[in-house]
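When reading the values below, keep in mind they use all heavy atoms of this one structure, side chains included, and skip hydrogens, waters and symmetry mates. Throughout, a chain's letter reflects where its sequence line sits, starting with A, and its residues are numbered from 1.
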There are 2 protein chains.
Amino acid sequence: MKNLVSRCPIEEVMQVLSGRWPTLLIYYLKVGTNRFSDLRRKNPTISHKMLALELRKLEDAGIVVRTEFDGYPLRVEYDLTPAGHKLVPLIDALGDWWESVETVTTGERGGLRVVEISATKKSASRLIL
Amino acid sequence: MKNLVSRCPIEEVMQVLSGRWPTLLIYYLKVGTNRFSDLRRKNPTISHKMLALELRKLEDAGIVVRTEFDGYPLRVEYDLTPAGHKLVPLIDALGDWWESVETVTTGERGGLRVVEISATKKSASRLIL
DNA sequence: CGGAATCCGCAATGATACTG
DNA sequence: CAGTATCATTGCGGATTCCG
């Protein structure tokens, strides 16, 4: 995402929380301290580089603290800040909202019109009209 | 953003709400009906094409309804669905969180270490150490 | 081990033109 | 007016390498 187009605070948060990783990282950090390599192990598909970039972004936003320990090999721990913890229930609420939504999606399959109806995102039944 | 890496509901919402436009569009739609061209006028920097794509994404997610009127010239109206309205306070809460966060950012300027301290994102004072 | 720098492909986005 | 299609461009994000 490039520069902001407004000073709307909503747009500013989204600047930080947008993308696949920020919310996942907060999800893993909410239960406690994680080292860099912990987070890599828990997110097997994130690249070394992206993890570093995303963590720095969250740190700059005041969501995550970075603690560096002397010694070799290097050791760095990450935690949510108090502000970061305050964010968790909000993000969870978004997830809960998602699960509660009813959707109807239509498509085509073999010349037949297929309508997929789900009471929630979890349980979808399928009709062919 | 490409395909999901998990079935975490949080990641699924973010799939829809990520990016600069979704939250801004919801922001404008929360006060009432908007035509395609209304939304263009209110978001001068979004391209015609992107607006169409983002609106379709929100529609597929069950957040927005599209209503087409016959006649010429064409006329289409967009509204939040009930599910979309339920999302508004959550997004607002994210914005409120952002404004309440304290941050300390450090940098360099002309060989001097500059520390920027803000009680909230809104009011930042600047120190030179 | 944690991180920075470089290179590079691909997906996202923009510009433009065309349609009902 | 609203939307699609096509093409050009950008910039994200992955792979790799080097450093403390």
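Atom pair A/F69:CZ and D/dG20:P shows a separation of 23 Å (rounding to whole Å applied). A/Y72 has its OH atom 10 Å from the P atom of D/dG20, to the nearest Å. One atom, CD1 of B/I46, and another, C1' of D/dA2, lie 14 Å apart when rounded to the nearest Å. D/dC1 atom P lies 11 Å from atom CZ of B/F36, rounded to whole Å. The CG atom of B/L39 sits 14 Å away from the C1' atom of D/dG3 (whole-angstrom rounding). A/L53 has its CG atom 16 Å from the P atom of D/dG11, to the nearest Å. Distance CD (B/E68) to C1' (D/dA2): 8 Å, rounded to an integer number of Å. Between B/M50 atom CE and D/dG11 atom C1' the separation is 14 Å, expressed in whole Å.
Scanning all heavy atoms of the two residues, the minimum distance from A/K57 to A/Q15 falls at NZ-O, 4.0 Å.
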For nucleotides 4-6 of chain D, print each protein N/O atom paired with a nucleotide N/O atom at under 3.5 Å, atom names and distance only.
{"residue": "D/dT4", "atom": "OP2", "partner": "B/R56", "partner atom": "NH2", "Å": "3.3"}

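A sub-4.0 Å separation between OP1 or OP2 of D/dA2 and a side-chain N or O of B/R75 is absent. An OP1 or OP2 oxygen of D/dC1 is reached within less than 4.0 angstrom by no side-chain nitrogen or oxygen of B/R35. Put simply, B/Y78 has a side-chain N or O that comes within less than 4.0 Å of OP1 or OP2 on D/dG3.
One N or O on the side chain of B/S18 and one on the backbone of A/G19 form a donor-acceptor pair closer than 3.5 Å. Panel note: side chain B/W97, backbone A/A83; a donor-acceptor pair is recorded below 3.5 Å. Counting only distance, with no hydrogens or angles, the side chain of A/N43 and the backbone of A/L24 share no donor-acceptor pair below 3.5 Å.
Comparing A/L74 and A/G19 by the nucleotide of DNA chain D whose heavy atom lies nearest to each, the residue mapping closer to the 5' end is A/G19.
Using a 4.0 Å cut-off between charged nitrogen and carboxylate oxygen, B/R41 and B/D38 count as a salt-bridge pair.
The list of salt bridge (charged side-chain N to carboxylate O under 4.0 Å, His left out) pairs with a residue in residues 82-96 of chain A, not counting sequence neighbours, reads A/K30-A/D92.
Side-chain atoms of B/R66 lie closest to D/dG3 of the nucleotides D/dG13, D/dG3, D/dC1. Side-chain atoms of A/P73 lie closest to C/dC1 of the nucleotides C/dG20, C/dC1, D/dG14.
A 6.0 Å sphere centred on CZ of A/F36 holds more than 12 heavy atoms belonging to other residues, nucleotides or ligands.
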